[in-house]
Amino acid sequence: MRRCFSHALCGLADDGVVAIPREDLSTLIDQVRETADAKFGDYSGTMAMGLAKKAGRKPRELAVEIITRLARSPEFAAIFEPPGDPVGPGFINVTVRADALSAAVLAACRDARFGVPIVADPETVVIDFSSPNVAKPMHVGHIRSTVIGDALARILAFRGHRTITDNHLGDWGTQFGMILWGWKRFGDEAAFATDPTAELGRIYRTVRKLTDGKPDELSADLGLADLAAKYPDAGREVLLETARLHEGDAENKALWERFMPACLADIEKIYRRLDVTFDHRLGESFFHPFLAFVVEDLQQKGLARESRGAIGVFLDGDDKPPFLVRKADGAFLYATTDLATIQWRLAHWKPDRILYVVDHRQGQHFDQLFQTARRWGLGDVDLVHVAFGTVLGDDGRPFKTRAGDTVGLESLLDEGVERALAVVATDDAMATDERQRVATTVGIGAIKYADLSQNRTTDYVFSFDKMLQLTGNTAAYMQYAVARVEGVLEKGGIDRETLRRSATEILLADPKERALALEIMRFGEVLEDVEADYRPNLLTAWLFDLAACYSSFYDALPILKASEPERASRLALCDLTGRVLRQGLELLGIGTVRKM
RNA sequence: GCGCCCGUAGCUCAGUUGGAUAGAGCAUGGGAUUUCUAAUCCCAGGGUCACUGGUUCGAGUCCAGUCGGGCGUACCA
């Protein structure tokens, strides 16, 4: 609906009333927003004030000009009431026409996309997310990248972009050297046969503590202290094992090939539970053959040079830390891999954009990476670091178990489902297996929703108690709203296809009907805003508003018991609300149930 | 030291890139059920937007500084 302003603004520009650069037009249109207060109408435009300043005009005068043009535009008049005079310093407040809203809702009822348009210029977007290290079990730190990345991929695809999701697995770095080193010294064949990833996880944790553990961490564990005494040079030896793997050492390569399938299977199991899929899983190992070329080419083009035995790109002068692409011992770094990856993706996928859904702590790395890529001349692709904050525990410290270990993702999901089961279990009428299914949907949904509903840039406090609340801005509240819609339609024995076909008019006489309809019609705008800043929390906030509008509508007005023609109209609204809510949750990777 | 991010109600957080009287949820207090899922709805209280100055019609938002916190900072990813 915002778009209706564009004609009037173009007109202004063409008439030379004010100079509006074409590229500013969309940001001006973005300034058309839903009003803070219903008494100001439905939408409000604030562009007159800003434009007046630049043009040296009086804001109200300019607002009147815009209003005149709006009123003349047939496209505008079809959707909005004739606008009144500007309010205050120059607000242009408009109200959607009842007949236009009603017609739009009716069209949405019959449309598989609810009237949400496909983007005008679809782009090819690579979304790089999750990217766990395969050598260690996935933990709570991976949840944000996985959940946010998956949601963004779903949303961009729904908007009409060509999306390519890629899981850039950490399957080749130092952490694998740790496993190799540890396996050779205290690997347990029997334990590996029983539960491969558990054994590899044990080795990883032990070696990590040996190589970068704090003194008190070492002294707290007698066995660990012994190992530390026995292998004082563990850190260096680990790097040596990593280097051997990269050089193609037969023994290490064989072990790598032996360990990988179990690692991958373990990770896949988590993705299945989370309902997350990838188009590609091109890990670090895949790009290994291209790394030498990256360094050579950077050197040859005079971008990288030797320093203290290593090779790096000096981006901010000689005194600032360079972007290292090769270590003094000859090994490559993840900077090298990331550069090779960009190059490979550009050559094979020709993307317009690449999104990296990665922890904000790696901001500097991406600044350097993007700068280097541009200097290297890798083309005019948009490289975006979609950063997010840390997951914290109740104490405000990074989320850990009481023993101080990181929380495994598997057990986290288990606990979410288990707690959801306790909440759902109050209804004895439900069969056990169905209850289990509902608990799974509610539990996993709660974990995802809690994460997505937070502004991604801030750290967030992980709390099962809060995310599983049945009231407030939670997955359960939203899923409940969907289940209530199902309940009404089921109770009325309504065939939804027939309902959609036979609906002839949507009546919006009651303010609650109107508010619900207006909210539903904002779906497309919200998705547009989500993409603009890669912020799924705008979608959760809107879903919450929508569910609240529905609850309010449902509470105040009879539906099945209403008389015609209200009954058919309200049933159509119910059906549409349910579908839109379900679609919105699906775009977040969250499932729904028919009963709960 | 330098760089990036953050500081909003008792708690957890929004705040649409500078807009109208700073909003939700939880918690607290009150109310609604002969009626489609009350896992709901309606109403109320609760704020020096860390602090100081600046920019302008207008600042939680932009600029400068101060205080407090987090993260990063040459061969881990």
Side-chain angles (χ1 to χ4, degrees), chain A residues 27 30-31 33-37 39-40 44 46 49-50 52-53 59 87-91 93 131 133 170 173-175 177-178 211-212 238-239 242 284 307-312 316 320-329 331-335 337-338 358-365 367 387 389-390 392 396 423-424 426-427 450 453-455 457-461 463 465-466 469-474 476-477 479-481 483-492 525-526 529 532-533 535 537-538 540-541 544-545 548 551-562 574 595-596:
Chain A
T27 57
D30 283 346
Q31 281 177 33
R33 292 289 169 180
E34 66 273 24
T35 51
D37 193 316
K39 75 180 174 205
F40 296 128
S44 181
T46 60
M49 280 98 79
K53 190 183 283 185
V87 183
F91 290 97
N93 295 333
S131 312
N133 281 328
T174 309
Q175 81 285 354
M178 291 163 118
T211 53
D212 65 22
V238 162
L239 293 180
T242 314
E284 293 171 340
S307 167
R308 297 184 211 170
I311 294 171
D316 302 305
K320 292 275 164 49
F323 192 49
L324 290 187
V325 292
R326 210 181 80 182
K327 302 201 288 185
D329 65 5
F332 301 111
L333 296 106
Y334 80 136
T337 314
D338 280 356
V358 181
D359 198 325
H360 77 278
R361 283 174 297 196
Q362 293 189 41
Q364 219 160 13
H365 166 73
D367 281 348
T390 313
L392 306 175
V423 176
V424 175
T426 48
D427 183 2
S453 59
Q454 200 89 201
N455 181 333
T457 58
T458 54
D459 293 346
Y460 105 96
V461 176
S463 162
D465 290 334
K466 290 216 164 69
Q469 258 163 9
L470 302 160
T471 57
N473 191 6
T474 62
Y477 175 87
Q479 289 164 327
Y480 178 64
R484 290 215 293 182
V485 173
E486 296 294 341
V488 171
L489 296 172
E490 192 171 316
K491 188 131 190 169
E525 292 166 24
V526 169
D529 290 343
D533 281 319
R535 286 178 36 187
N537 72 308
L538 296 177
T540 63
F544 178 62
D545 285 344
S551 291
S552 191
F553 156 86
Y554 175 88
D555 191 70
L557 304 171
I559 299 165
L560 288 170
K561 291 175 184 173
C574 278
K595 262 196 262 180
M596 63 185 285

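Reckoned from all heavy atoms, side chains included, excluding hydrogens, waters and symmetry mates. Sequence lines set the chain letters: A, B, ... in the order given, protein chains first and strands last, and positions in each chain run from 1.
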Report which part of the nucleic acid [X] touches: base, sugar-phosphate, or nothing (heavy-atom distance under 4.0 Å, all strands).
X: A:L489; result: nothing
X: A:A483; result: base
X: A:I311; result: nothing

Between [X] ([atom1]) and [N] ([atom2]), how many Å, whole number?
X: A:D459; N: B:C4; atom1: CG; atom2: C1'; value: 13 Å
X: A:R326; N: B:A74; atom1: CZ; atom2: C1'; value: 15 Å
X: A:D533; N: B:U16; atom1: CG; atom2: P; value: 10 Å
X: A:Q454; N: B:A14; atom1: CD; atom2: C1'; value: 9 Å
X: A:Y460; N: B:C13; atom1: OH; atom2: P; value: 10 Å
X: A:F332; N: B:A74; atom1: CZ; atom2: C1'; value: 17 Å
X: A:L470; N: B:U37; atom1: CG; atom2: P; value: 17 Å
X: A:F544; N: B:U40; atom1: CZ; atom2: P; value: 10 Å

In whole Å, what separates the [atom1] atom of [N] from that of [M]?
N: B:C36; M: B:U28; atom1: C1'; value: 32 Å
N: B:U55; M: B:C4; atom1: P; value: 25 Å
N: B:G3; M: B:U66; atom1: P; value: 12 Å
N: B:U56; M: B:C62; atom1: C1'; value: 11 Å
N: B:U8; M: B:C49; atom1: C1'; value: 4 Å

Watson-Crick or G-U wobble partner for [N], using a 3.5 Å limit on both distances?
N: B:C41; answer: B:G31
N: B:C51; answer: B:G65
N: B:A59; answer: none
N: B:G46; answer: none
N: B:C71; answer: B:G3
N: B:U16; answer: none

So how far is it from [X] [atom1] to [Y] [atom2], rounded to the nearest 0.5 Å?
X: A:Y460; Y: A:N537; atom1: OH; atom2: CG; answer: 13.0 Å
X: A:T474; Y: A:K466; atom1: OG1; atom2: NZ; answer: 13.0 Å
X: A:E525; Y: A:L538; atom1: CD; atom2: CG; answer: 12.5 Å

Per the atom types in the model, does the base of [N] pair as donor or acceptor with the side chain of [X] at under 3.5 Å?
X: A:T35; N: B:A20; value: no
X: A:N93; N: B:A20; value: yes
X: A:S44; N: B:A20; value: yes
X: A:Y334; N: B:A77; value: yes

Among the candidates [options], find the nucleotide nearest to the side-chain atoms of [X].
X: A:L560; options: B:C42, B:C36, B:A14; result: B:C36
X: A:R361; options: B:A74, B:A14, B:C71; result: B:C71
X: A:D555; options: B:C26, B:A14, B:U40; result: B:U40

Using only atom types and a distance under 3.5 Å, with no angle test, would you say the side chain of A:Q175 pairs donor to acceptor with the backbone of A:N133?
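Answer holds: no.
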So which atom in A:F332 and which in A:V325 form the shortest heavy-atom distance, rounded to 0.1 Å?
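Heavy atoms of A:F332 and A:V325 come nearest at CD2-O, 3.7 Å.
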Work out which heavy atom in A:L392 is nearest to a heavy atom in A:D459; give both atom names and the distance.
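Heavy atoms of A:L392 and A:D459 come nearest at CD1-CB, 3.8 Å.
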A:F91 on top of B:G19's base, within under 5.5 Å and under 30°?
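Check failed, A:F91 does not stack on base of B:G19.
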For A:Y477 and B:A39, do the ring centres fall under 5.5 Å apart while the planes stay under 30° apart?
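No; by the centre-distance and plane-angle rule, A:Y477 does not count as stacking on B:A39.
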Does B:U17 sit syn or anti, given that only angles within 90° of 0 count as syn?
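Glycosidic conformation of B:U17: syn.
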Return the orientation label for the A:F323 and A:H365 ring planes: parallel under 30°, perpendicular over 60°, tilted otherwise.
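If you compare the ring of A:F323 with that of A:H365, the planes turn out tilted.
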